[in-house]
Protein chains: 2
Amino acid sequence: MPSISKEDYLKSIYKFQNENGDSVSTADIAADLDVSNAATSDMAKKLAAQGFIKYEKYKGLKLTGKGEKIALNILRRHRLWELFLIKVLGLSWSEVHREAENLEHNTSEFLIDKIDELLNFPEFDPHGSPIPQKNGEVPKLPDMIPLSKAVEGKRYQIKNVHDESEDLINYLTKLNLVLNKKIKIIEKLNFDNSMIIENDGENITVSEKLTNSVFVTKI
Amino acid sequence: MPSISKEDYLKSIYKFQNENGDSVSTADIAADLDVSNAATSDMAKKLAAQGFIKYEKYKGLKLTGKGEKIALNILRRHRLWELFLIKVLGLSWSEVHREAENLEHNTSEFLIDKIDELLNFPEFDPHGSPIPQKNGEVPKLPDMIPLSKAVEGKRYQIKNVHDESEDLINYLTKLNLVLNKKIKIIEKLNFDNSMIIENDGENITVSEKLTNSVFVTKI
DNA sequence: CTACAAAGTTAAGCATGCTTAACTTTAATG
DNA sequence: CATTAAAGTTAAGCATGCTTAACTTTGTAG
Ligand SMILES: [Mn+2]
Ligand SMILES: [Mn+2]
Ligand SMILES: [Mn+2]
Ligand SMILES: [Mn+2]
């Protein structure tokens, strides 16, 4: 089994690969994990030596099947813990990510399966992200667009929210822009790419940073 | 905050101090944590430098107030997790210790308090050991003796079981010698210090190793 | 196609927490 | 009280995972 650090590297590589396809730059990983580029180059060699990634100097990192399996397993642990902490222990939407970031590396497969069972084998976590199943399958997300690409006058439903920033989640909670919420786009402002949307019958203005992190489906 | 290793050292020191009083030898800690004596001597210096223990070369280790506070906090985490895993997730008596050994270092104070609350602020863990409370107080155990010191013909109740050995716990479960069980001492055998006891109306023979790890009160 | 900035890698070094081997202190024995 | 075995410590070294500083490669602009 890889170390805790290696698990986090593999998870991060998976994330970027999943978002942008293909191979991932050391700089992206470094920024994501808050370590130096040098540390990431170093680790890339070790991960490649152990067969978790393909790594060509200056060309980026790419998970092997073996590496992806680990990454998905860690994501599964992370997302099951998040859901469990909300449903069973009453933690809030914004608190669970940080907690899960540690628990994901310190739980036996056995316990994870117990949690999975207690939650009745859920497919999505509290941020709308798919929970990899025990057999390795990843539930399909609906066809989403970032809220920033939504069209004036149309109605949308919130289906996924990037969960890394506690500030973002706290802000969304305050605005009551929670998962599965239905909203309407009132106006897009070219000036700063902010947006006026209708939620709970009220018009609110949201920034570009927010609209890039919230994913929606058209109703 | 101390590292995970340091937390385990402090917990171990507390355990021996609590059992045998006074100061603890490096060899005891080393055996308990399955590291070399050298590693323990090394760590003793570091723990002393940080004010967690008093350490005199060749004279043993002793927790300071600061060190004891950490040790009790880790014990609290450990024992709350054990109870939680049994009560909420249906793990078995023998499985929880190993799991808790990792979880105890990777949970926020906040989450621990939530677990405490959900369990309604319990005083004892599944092995009968006291759970240090949030305010630092340690619930009092009844006056117990090791089963090995029990007297022929008298009746006793199981009140505490050392929980480090999964084999022991599995064996006890098989014999249905569980917490709070009432038993009667039929015979003590001087030959090998084994004992014949009555449990569920049946006579069973148990070894000295077992009777030294099970603690009882006289009924 | 050259020069140069940006991106990425290598090198050297540090902290932590271990190991084994060599050495020192303690305490029990005669 | 001198000897010696047991207990404990120090020394040297290793693995992991970081850091900063120096260097190399890549790709783009002139
Ligand atoms: Mn998360
Ligand atoms: Mn993590
Ligand atoms: Mn335990
Ligand atoms: Mn532990």
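Chain identifiers are assigned alphabetically (A, B, ...) following the order of the sequence lines, protein sequences preceding nucleic acid strands; residue numbering begins at 1 within each chain. The figures that follow rest on heavy atoms only: side chains count, while hydrogens, waters and symmetry mates do not.
- Between A:Lys11 and A:Glu101, at least one side-chain nitrogen of the basic residue sits less than 4.0 Å from a carboxylate oxygen of the acidic one, meeting the salt-bridge criterion.
- Near DNA chain D, defined here as any heavy-atom distance below 4.0 Å, the residues from residues 22-35 of chain B are B:Ser25, B:Thr26, B:Ala27, listed numerically.
- Here A:Ser5 lies in heavy-atom contact (under 4.0 Å) with sugar-phosphate atoms only.
- Listed by chain and residue number, nothing satisfies the side-chain hydrogen bond (donor to acceptor under 3.5 Å, both in side chains) test with B:Thr205 (two or more places apart in sequence, or in another chain).
- Sorted by first and then second residue, the side chain to side chain donor-acceptor pair (under 3.5 Å) pairs with a member in residues 53-64 of chain A form an empty list; sequence neighbours excluded.
- Heavy-atom nearest nucleotides on DNA chain D were determined for A:Asn37 and for A:Tyr58, and the one closer to the 5' end corresponds to A:Asn37.
- Rounded to a whole Å, the OH atom of A:Tyr55 is 13 Å from the P atom of D:dT25.
- If you check every strand for non-hydrogen atoms under 4.0 Å, B:Lys46 touches a base.
- Applying the side chain to side chain contact (heavy atoms under 4.5 Å, CB included) test to A:Asp113 and every residue at least two apart in sequence or in another chain returns A:Arg76, A:Glu109, A:Lys134.
- Nucleic acid contact class of B:Ala38 (heavy atoms, under 4.0 Å, all strands): base.
- Qualifying side-chain hydrogen bond (donor to acceptor under 3.5 Å, both in side chains) partners for B:Asn37, counting only residues two or more places apart in sequence or in other chains: none.
- At the heavy-atom level, A:Ser36 lies under 4.0 Å from base atoms of the strands shown.
- Here the closest non-hydrogen pair linking B:Ile13 and B:Val24 is O-CG2, 3.7 Å.
- Here the side chain of A:Trp93 pairs no donor or acceptor atom with the backbone of A:Ile169 at under 3.5 angstrom.
- No engagement by B:Thr40 is indicated, since no non-hydrogen atom pair under 4.0 Å with the nucleic acid exists.
- Along DNA chain C, the stretch of nucleotides lying under 4.0 Å from any heavy atom of chain B spans, 5' to 3', C:dG17 to C:dT26.
- The cationic group of A:Lys159 does not satisfy the cation-pi geometry with A:Phe215, failing either the under 6.0 Å distance to the six-membered ring centre or the 45° limit from the ring axis.
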